[in-house]
Amino acid sequence: MSQWTLFEVFIRSKHGLNHKHVGSVHAADAEMAIENARELYTRRNEGVSIWVTPSAQITATASDEKEALFDPSEDKVYRHASFYELPEEVGHM
Amino acid sequence: MYAQLVETGTKKLKTLDEMGPEERAFQERIDAEIKIEAKNWMPDSYRKTLIRQISQHAHSEIVGMLPEGNWVTRAPTLKRKLQLMAKIQDEAGHGLYLYSAMETLGADRDEEIDKLHTGRAKYSSIFNYPTLNWADMGAVGWLVDGAAIVNQVPLQRTSYGPYARAMIRVCKEESFHQRQGYEILLHMMRHGTEAQQEMVQDAINRLWWPALMMFGPSDEHSPNSAQSMAWKIKRHTNDELRQRFIDQTIPQLEVLGCTVPDPDLKWNEETGHYDFGEIQWDEFNRVIQGHGPCNTERLNARRNAHENGAWVRAAAVAHAEKKQKAVA
């Protein structure tokens with residue numbers, strides 16, 4: 001079975017929400033991956049839509065790139081609404 | 001549950017000063033409660049211990065379907081049959097979540113399953129006991145899944161991310177198992193004939209001690225616990241979890257109106273826990289080494305299922321290839 005393709009499974013739990021990664025399944029092809037994912041991840045109304053993609057098709061960031069990629073946004077507090085202080089009489093903005 | 005004797009390959013805990021820079025960073029990350037993910041550096045022994053523990057856990061879920069499968073065609077009503085099938089399907093699902101978590105560590109699923117089929121990998125000792133009457137389905141759900149829950153709830157915080165996430169999913173589903181088991185017993189006790197009530201007591205008598213053994217050897221005979229705890233793979237010792245299970249279960253036993261086969265069981269006002277009798281560890285060791293009542297039967301059933309299912313796997317591949325060609 002390990003020779004079968006490994007697929008990553010993404011489920012949309014409700015209309016209007018994003019598909020979210022839930023896990024993986026082995027399958028002979030994509031159609032079977034969908035069937036397996038349905039049995040494995042949506043036995044209790046967990047989803048309204050399933051995506052599968054071969055795991056090998058996913059390109060990911062490496063863990064040693066974490067600082068270079070994500071640290072620069074840490075010191076840009078001015079990108080958040082809470083950075084800007086307004087007088088109370090302005091009310092909710 | 002379900003992982004009882006997991007070798008860590010380490011004799012003595014290292015202090016932070018004795019570790020190289022990589023291992024030290026790894027241990028500091030664990031101490032800070034940051035999850036280890038598949039691509040992070042980890043000591044080889046941590047990786048191997050996890051593969052052993054997660055595969056053992058997965059095998060237990062898969063073999064755990066067999067004692068229940070025995071009762072699918074014998075369930076007393078259609079309702080009970082549907083519930084039992086849903087539970088068994090959950091166990092298969094739990095096995096698959098766990099095999100996936102194990103694969104993120106670089107282990108090969110076929111290889112690990114082959115280790116199970118050739119007797120080189122363990123699974124929980126509890127599944128080597130037979131399920132002799134319908135009340136056993138109740139007692140398995142209540143006691144065996146109950147013990148599994150006590151074991152698995154802290155594993156939701158285990159240090160390896162994919163294992164912890166699999167456990168969160170498993171725990172969500174597991175409480176249905178325990179409640180349906182308890183309800184089977186309660187129904188027999190409150191609405192059953194005298195013979196059916198005796199069946200309940202008989203099931204508890206046979207499964208009580210094996211359920212307590214599910215937590216593994218006592219702390220003083222658990223040489224691998226210290227390392228597993230330092231790595232935060234395990235969050236509590238075997239004896240702590242066993243005590244927690246007993247303390248939770250005895251009040252439920254009293255509601256049923258049943259007893260457990262332990263003359264030493266009594267509430268201890270001073271400690272705030274139940275005292276209980278000596279566990280027969282030679283029985284535990286016999287069963288885990290392959291000499292329990294059903295070890296051979298369970299492994300044969302697994303091997304037969306795998307071998308007799310070979311044509312289904314081959315057909316699935318042939319079908320996928322045929323469709324591929326039709327597209328090309």
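Reminder, nothing fancy here: chain letters follow the sequence lines and each chain counts from 1. Predicted model, so just to flag it, every value in this text is computed and none were measured.
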Asker: Tell me every residue that passes side chain to side chain donor-acceptor pair (under 3.5 Å) with A/Thr59, counting only those two or more places apart in sequence or in another chain.
Answerer: none

Asker: Are the ring centres of A/Tyr41 and A/Phe10 closer than 6.0 Å?
Answerer: no

Asker: Let me have the donor-acceptor pairs involving side chains of residues 75-93 of chain A, under 3.5 Å, with sequence neighbours excluded, atom names and distances please.
Answerer:
unit_1	atom_1	unit_2	atom_2	d
A/Lys76	NZ	A/Pro72	O	2.7
A/Tyr84	OH	A/Tyr78	O	2.8

Asker: Which atoms of B/Glu321 are under 4.5 Å from chain A, going by heavy atoms: the side chain, the backbone, both sets, or neither?
Answerer: neither

Asker: Taking side chain as everything from C-beta outward and backbone as N, CA, C, O, which of these in B/Lys172 sits under 4.5 Å from a heavy atom of chain A? Side chain, backbone, both or neither.
Answerer: neither

Asker: If you tally heavy-atom pairs under 4.5 Å against chain A, which of B/His319, B/Arg169, B/Arg165 wins?
Answerer: B/Arg169

Asker: Taking the six-membered ring for Trp and the single ring otherwise, decide whether the centroids of B/His94 and B/His177 are under 6.0 Å apart.
Answerer: yes

Asker: Could you tell me whether a side-chain N or O of B/Thr158 sits under 3.5 Å from a main-chain N or O of B/Ala164, the two making a donor and an acceptor?
Answerer: no

Asker: So if I take each residue of residues 20-37 of chain B and look for any heavy atom under 4.5 Å from a heavy atom in chain A, which residues do I end up with?
Answerer: none

Asker: Enumerate the residue pairs fulfilling salt bridge (charged side-chain N to carboxylate O under 4.0 Å, His left out) with a member in residues 33-62 of chain A, sequence neighbours excluded, ordered by first and then second residue.
Answerer: A/Arg43-B/Asp90, A/Arg43-B/Glu173, A/Arg44-B/Asp90, A/Arg44-B/Glu173

Asker: Return the OH to OG1 distance between B/Tyr163 and B/Thr104, rounded to the nearest 0.5 Å.
Answerer: 12.0 Å

